[in-house]
Amino acid sequence: MTGIRVYDTLSGDKRTLEPIEPNKIRLYACGVTPYDNSHIGHARCYVAFDIVYRYLKLAGLDVTYVRNFTDVDDKIINRANERGMKAVDLAEENIQAFYRDMDALSIARPDQEPRVSTSMPQIIALIERLIGNGMAYASEGDVYYAVEKFQSYGKLGKRTLEDMQAGARVEVSEKKRHPMDFALWKAAKPGEPAWESPWGQGRPGWHIECSAMSMHAFGPCVDIHCGGQDLIFPHHENEIAQSEGATGQNFVNYWLHNGFVNVDNEKMSKSLGNFFTIKDVLQRYEPQVLRLFMVSTHYRSPINFSDAALDEAADRIAYFYETLRKLDAFLDQAGGVGAPFGPLPGEAFLEEFEARFREAMDEDFNTLRVLGQLAEAFKLANEVLMMRKAKQLPNALAAAKLLREKLAYADTVLQLFGADPADYLDRHKTKAAARRGLSLDWIAEKVGDRLVARSEKNWAEADRVRDELLAAGVVLMDGAQGTDWMVKDVRDAAPAAE
RNA sequence: GGCGGCGUAGCCAAGUGGUAAGGCAGAGGUCUGCAAAACCUCCACCCACCGGUUCAAAUCCGGUCGCCGCCUCCA
């Protein structure tokens, strides 16, 4: 028993996470087919499961995380042919790009990352086992899974074979015994990469690799298997059929599926062509912004992608880092002020921080509740920063130190506050200005003009320059050290109504 | 057609049968040359609608309406 409750797609309910082996978690995530750049749907998926992975570790579990690359696939072969290159090279190129995106988003590397191209023996062995069991049959160089042989086929997608055939859009092949039978092995066509097998030259079908890799890494059963909601059927359904059909044992104890990224309230998908790559988004926004955006909706619900939503996240992260910058400066300069006395500001909140964080995350990784907690933490930080009276300094400093610790604790999972605040704010301002089509030089010039006017107490001119900047989206903040500025990302909240 | 999900303030969005988190926007205040930032206060007698179960429901059950997804490659 772990006290962690997770929503499991198969049972349709939240269930307490009970590891197969005490204190150990076998976690498998379906990886990408590296035929193109990764998009924000991938970002959502792998951020969501990165948080799962990091949280389970924080909760003291010994987690082994496996995520595959489906690097042998029609789409890769077709794309490589279009570009006149070898499929392996295209896959490798996209895998490297995938790593750049994932690393930028602070998504931890899994413990193992098997590839189809290097897992052929396991895949072939599994297919042979299924044929031996009578669950699969060879047919003219292909091998198909006989869905009718698997009693509970359809249990994950909650539909029966009859349901599926009713709306069937599946092409009927004469090689198949049942229209829903799916390929485990495909005979090689001319010019395609192929591997030797008992059924001749060929390559694996789509779903078999995850069954083979998962069972190779973990044995017949894993604790958690996750992926996007679109994989429930047919991919995960077929994995269940393959794995359980081979072993006769339960394959996965908890199925976790993340919701889609929508664009304009419509599903973002490759076929609709309305997708954004991670690379493009990261040119306009810092990775922390995208990460915050992703955790600002529960991972199972759909999330709507828009500039307005990213702008709001960008402002929020800027607020976090602005506070951290001040907090760090305070901690740096406020040494040797004596011992704290009496209750610290926010003492109860600070004491309960970890427990509350755990409670929220235990409830199916409820990052929203954590965000509420962060709101409190940053308010407290700013409050502490205002306690500048000498007598209060020891307590303010002690609270500030604790706050930094608590935020670091939460950040082992969230990965939002790892950057140097000053560096982050520089990058943020550069990108925020660019988004508004403003040059940093122009802003600096205007700020300079206004400083001159202010030093002459020419308030009318100072205000005029400030209004000019404001109209462009730049907000000024006069302080003791001079004038700082920020780009106000959030425009009028009202969307364009028709 | 079959199956699944959703409908919470102007917007985004949590909500674990016990009396509505949080963010944005908005209003007032502290601070300030004036502002901004920051902080404080306020901002849903109510959770699409109708009925039911219960001492008690946004939360459970049934129905109605609306939206979305899956049934084909997709995270």
Side-chain angles (χ1 to χ4, degrees), chain A residues 5 9 12 14 29-33 38-49 73-75 154 157-160 162-171 180 206 226-235 237 257-262 265-272 275 292-293 296-298 300-304 306 308-309 311-313 315-316 319 322-323 326 359-360 362-364 366-376 378-386 454 457 459-460 462-463 466-467 470 474-479 483-486 488 490-495:
Chain A
R5 285 158 46 81
T9 305
K14 266 191 214 173
C30 284
V32 292
T33 300
S38 300
H39 55 69
I40 53 176
H42 297 116
R44 177 161 207 213
C45 177
Y46 299 120
V47 166
F49 300 124
D73 175 89
D74 287 347
K75 293 191 290 293
K158 316 231 189 290
R159 62 197 73 172
T160 64
E162 290 70 43
D163 292 340
M164 287 183 251
Q165 284 175 90
R169 282 180 280 175
V170 185
E171 61 173 298
M180 295 304 295
W206 176 29
C226 47
Q229 249 163 26
D230 47 351
L231 296 182
I232 294 172
F233 190 90
H235 187 58
E237 193 73 58
H257 291 102
N258 65 277
F260 293 126
V261 174
N262 291 333
N265 294 307
E266 198 177 35
K267 179 185 163 183
M268 185 186 80
S269 75
K270 287 168 187 170
S271 49
L272 288 172
F275 66 95
L292 177 65
F293 169 70
S296 63
T297 297
H298 190 268
R300 276 192 294 113
S301 302
I303 189 169
N304 204 40
S306 68
D311 286 346
E312 187 175 327
D315 279 351
R316 193 70 184 148
Y319 161 79
E322 194 62 59
T323 305
K326 290 185 274 192
E359 245 173 69
D362 277 354
E363 239 358 274
D364 200 25
N366 193 327
T367 50
L368 281 302
R369 272 165 66 183
V370 170
L371 257 32
Q373 211 182 331
L374 288 184
E376 269 186 77
F378 281 94
K379 273 184 185 175
L380 178 60
N382 278 299
E383 248 175 77
V384 162
L385 287 164
M386 288 191 289
R454 288 191 78 214
K457 296 213 189 303
W459 306 126
D463 290 353
R466 184 173 61 201
D467 289 345
L470 188 62
V474 179
V475 177
L476 297 184
M477 291 160 289
D478 294 328
T483 295
D484 198 5
W485 59 269
M486 59 182 279
K488 192 72 176 163
V490 174
R491 294 82 139 168
D492 295 334

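Convention: sequence-line order gives letters A, B, ...; per-chain numbering from 1. Keep in mind that this is a model prediction, so the values were computed, not measured.
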Margin query: Is it the case that the side chain of A:Asn382 and the backbone of A:Phe378 share a donor-acceptor pair, with hydrogens and angles ignored and the cut-off at 3.5 Å?
Written below: yes

Check: What is the nucleic acid contact for A:Tyr319, judged by heavy atoms within less than 4.0 Å: base, sugar-phosphate only, or nothing?
Finding: sugar-phosphate

Checklist line | Paired nucleotide for B:C42 [Watson-Crick or G-U wobble; both distances under 3.5 Å] | finding: B:G26

Check: Taking only residues two or more places apart in sequence, or in another chain, which ones meet A:Arg5 in a salt bridge (Lys or Arg N to Asp or Glu O under 4.0 Å)?
Finding: A:Glu363

Note to self: List the residues meeting side-chain hydrogen bond (donor to acceptor under 3.5 Å, both in side chains) with A:Thr297, not counting sequence neighbours, and say none if there are none.
What the structure shows: none

Note to self: Heavy atoms only, 4.0 Å cut-off, all strands: where does A:Ser301 land among base, sugar-phosphate and nothing?
What the structure shows: sugar-phosphate

Table of protein N/O atoms under 3.5 Å from nucleotides 31-33 of chain B N/O atoms:
| residue | atom | partner | partner atom | Å |
| --- | --- | --- | --- | --- |
| B:G33 | N7 | A:Arg454 | NH2 | 3.3 |
| B:G33 | O6 | A:Arg450 | NH2 | 3.4 |
| B:G33 | O6 | A:Arg454 | NE | 3.3 |
| B:G33 | N1 | A:Asp463 | OD1 | 3.0 |
| B:G33 | N2 | A:Asp463 | OD1 | 3.4 |
| B:G33 | N2 | A:Asp463 | OD2 | 2.8 |

Check: Residues in side-chain hydrogen bond (donor to acceptor under 3.5 Å, both in side chains) with A:Arg466, at least two apart?
Finding: A:Asp463

Note to self: A:His42: which residues meet the ring-ring contact (aromatic ring centres under 6.0 Å, His included) condition with it, sequence neighbours left out?
What the structure shows: A:His39

Checklist line | For A:Lys158, salt bridge (Lys or Arg N to Asp or Glu O under 4.0 Å) partners two or more places apart | finding: none

Checklist line | Protein-nucleotide distance (A:Glu383, atom CD; B:C40, atom C1'), rounded to Å | finding: 9 Å

Notebook entry, point to check: Checking all strands, does A:Leu231 fall into the base, sugar-phosphate, or nothing category for heavy-atom contacts under 4.0 angstrom?
Noted result: sugar-phosphate

Checklist line | Contacts of A:Asp230 that satisfy salt bridge (Lys or Arg N to Asp or Glu O under 4.0 Å) - sequence neighbours left out | finding: none

Note to self: Would you say A:Asn366 places a side-chain N or O within less than 4.0 Å of OP1 or OP2 belonging to B:U16?
What the structure shows: no

Notebook entry, point to check: Considering residues at least two apart in sequence or located in another chain, which fulfil the ring-ring contact (aromatic ring centres under 6.0 Å, His included) criterion with A:Phe233?
Noted result: none

Margin query: For A:His235, give me all partners under ring-ring contact (aromatic ring centres under 6.0 Å, His included), at least two apart in sequence or on another chain.
Written below: A:Trp206, A:His207

Next item on the list: Would you classify A:Lys457 as touching base, sugar-phosphate or nothing, given that sugar-phosphate means primed atoms plus P, OP1 and OP2, and contacts are heavy atoms under 4.0 Å?
Entry: nothing

Margin query: Return the pairing partner of B:U32 with a 3.5 Å limit on both distances, Watson-Crick or G-U wobble; otherwise return none.
Written below: none

Check: Does the side chain of A:Lys267 get closer than 4.0 angstrom to OP1 or OP2 of B:C67 through an N or O atom?
Finding: no

Notebook entry, point to check: Should A:Asn382 be listed as having a side-chain N or O under 4.0 Å from OP1 or OP2 of B:C39?
Noted result: yes

For nucleotides 3-5 of chain B, tabulate all protein N/O to nucleotide N/O atom pairs closer than 3.5 Å, reporting atom names and distance.
| residue | atom | partner | partner atom | Å |
| --- | --- | --- | --- | --- |
| B:C3 | O2' | A:Lys158 | O | 2.8 |

Next item on the list: Take nucleotides 17-22 of chain B nucleotide by nucleotide from the 5' end and write B, S or -, depending on whether a protein heavy atom sits under 4.0 Å from the base, only from the sugar-phosphate, or from neither.
Entry: ----BS

Check: Phosphate oxygens OP1/OP2 of B:U72: is one of them under 4.0 Å from a side-chain N or O of A:Ser269?
Finding: no

Next item on the list: Using atom CG of A:Asp364 as one end and atom C1' of B:U59 as the other, report the distance to the nearest whole Å.
Entry: 16 Å

Next item on the list: Kindly write out the residues that satisfy salt bridge (Lys or Arg N to Asp or Glu O under 4.0 Å) with A:Lys75, not counting sequence neighbours, or none if the list is empty.
Entry: A:Asp73

Next item on the list: Measure from CG on A:Asp311 to C1' on B:A25 and round the result to the nearest Å.
Entry: 14 Å

Check: Is there a Watson-Crick or G-U wobble partner for B:C70 with both distances under 3.5 Å, and which nucleotide is it?
Finding: B:G2

Next item on the list: Using Watson-Crick or G-U wobble geometry with both distances below 3.5 Å, tell me the partner of B:G7, or none.
Entry: B:C65

Note to self: Rounded to whole Å, please give me the gap between NE2 in A:His235 and P in B:C70.
What the structure shows: 17 Å

Next item on the list: For residues A:Asn366 and A:His298, report the shortest heavy-atom separation together with the two atoms involved.
Entry: CA-CD2, 4.4 Å

Item checked: Distance in angstrom units between A:Arg300 CZ and B:C70 P, rounded -> 18 Å

Next item on the list: Select base, sugar-phosphate, or nothing to describe what A:His298 touches, counting heavy atoms under 4.0 Å on all strands.
Entry: sugar-phosphate

Next item on the list: Determine which nucleotide pairs with B:U59, using a 3.5 Å limit on both distances of a Watson-Crick or G-U wobble pair.
Entry: none

Checklist line | Separation of B:A37 P from A:Met386 CE (nearest whole Å) | finding: 14 Å

Notebook entry, point to check: To the nearest Å, how far apart are A:Ile232 CD1 and B:C71 P?
Noted result: 10 Å

